[in-house]
Participant: 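Handing you a structure now.
Order of listing sets the numbers, starting from 1, for every ligand and every atom in it.
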Amino acid sequence: MTRRALITGIRGQDGSYLAEHLLAEGYDVWGLVRGEEAAPRIPVAPHLEGAVRLISGDLLDQRSLIAAIEQCEPDEVYNLAAISYVPQSWRQPEATAEVTGVGVVRILEAIRTVSGVRESQPGRGGQIRFYQASSSAMYGNARETPQNELTPLHPHSPYGVAKAYGHYMTKSYRESYGMHAMSGIMFNHESPRRGRQFVTRKVSVGVARIKLGQATELRIGNLDAQVDWGFAGDFARAMHLMVSQHTADDYVIGTGRLNSVRQLVELAFSYVGLQWRRHVRVDPQLVRPADVVVLRADYGKAAMRLGWHPSTPFEDVVAQMLESDMRLLSIA
Ligand code: NAP
């Protein structure tokens, strides 16, 4: 029988890649979106419209989540919705706690309510599998590097703290109610559909503008910051692999490789045949304090148990982003 998946955050970067992956696997894919059912669009992936059924719901509203799960009757729920940008979480810590943290409990409760899972019947986990999008930001000022599933969490941003809450609640519902619930502890992953506020996309849009003669310089913060960057499509594949396992468990997903912002900038400019030093200006206002510990994934457990490995080199991700932004900006 065709499996049905409900994805929250389907209008975001990961939601669109996961929807594509699940459709290719023969799934019936539904997406939860805020607002009226008639209005919503998937701006990052318009080609998915028609292939995916959209229903309305909000992580801030318990009743809407129960109604969505009753209507959809999913086999699997992927909770990708969040306030996902760290600087925004500093500006709106309370909203971040509500959406990114408590929102996870609302959806777990909605699943529990609809599946009729009772506290008094541990082990009867119900039929619905649940995936939570946890984040390497939960490690924050980690005490060790690289980080794996056993590394203690030490979040330092409101985003990281909210993700840690959702992570622990997912684990708690798995252990207390026997729910088939799990978290992917995802390190950074990028694509042409990345939000424009994130540094990789700032660079790809900025470089494309310079190449097209629409701008002359790119202002950037700390060039020495190092990040474990992967490709969103590879990470969507990991989510599905996790949910398809017989036993629910948490996994670190990342590449284990670091690139600096300087390397990102060099790659992007050289892709379009320009000298980065001529165009890049370090803006002290954009420099954020460097992390005490560089976050780098040890994804050994995912490799061993899921057979998952990242398959897209960072150079290819940057090239894809440049191709896409050059196209978008030429027709704009
Ligand atoms: P994204 O592009 O920012 O997408 C987030 C989605 O959440 C958006 O579609 C947004 O809907 C939705 N949303 C926000 N508030 C909501 C609410 N109250 N109710 C329902 N939906 C709401 O994020 P992403 O990059 O795809 O990441 C997916 C998930 O993975 C997020 O939880 C993120 O924190 C986590 N994660 C991402 C990375 C990464 O590197 N990308 C790394 C680790 C973890 P609208 O479109 O309507 O605004």
Participant: Might you list the protein residues in contact with ligand 1, defined as having a heavy atom under 4.0 Å from one of its atoms, sorted by chain and number?
Facilitator: G9, R11, G12, Q13, D14, R34, D58, L59, L80, A81, A82, S84, V99, A133, S134, S135, Y159, K163, M186, F187, N188, H189, R194
Participant: Can you list every salt bridge (charged side-chain N to carboxylate O under 4.0 Å, His left out) pair that touches residues 257-280, not counting sequence neighbours?
Facilitator: D224-R262
Participant: Any pair with a residue in residues 243-271 that passes ring-ring contact (aromatic ring centres under 6.0 Å, His included), sequence neighbours left out, goes on the list, sorted by first then second residue, please.
Facilitator: F269-H279
Participant: Are the side chain of T100 and the backbone N or O of K163 linked by a donor-acceptor pair below 3.5 Å?
Facilitator: no
Participant: Assess the pair H240 and Y27: is the distance between their ring centroids shorter than 6.0 Å?
Facilitator: yes
Participant: Quick check: does any side chain N or O of Q263 sit under 3.5 Å from a backbone N or O of S260, one acting as donor and the other as acceptor?
Facilitator: yes
Participant: Going by side-chain heavy atoms closer than 4.5 Å, which hydrophobic residues are tied to Y85, directly or by a chain of links?
Facilitator: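 Cluster partners of Y85: F198.
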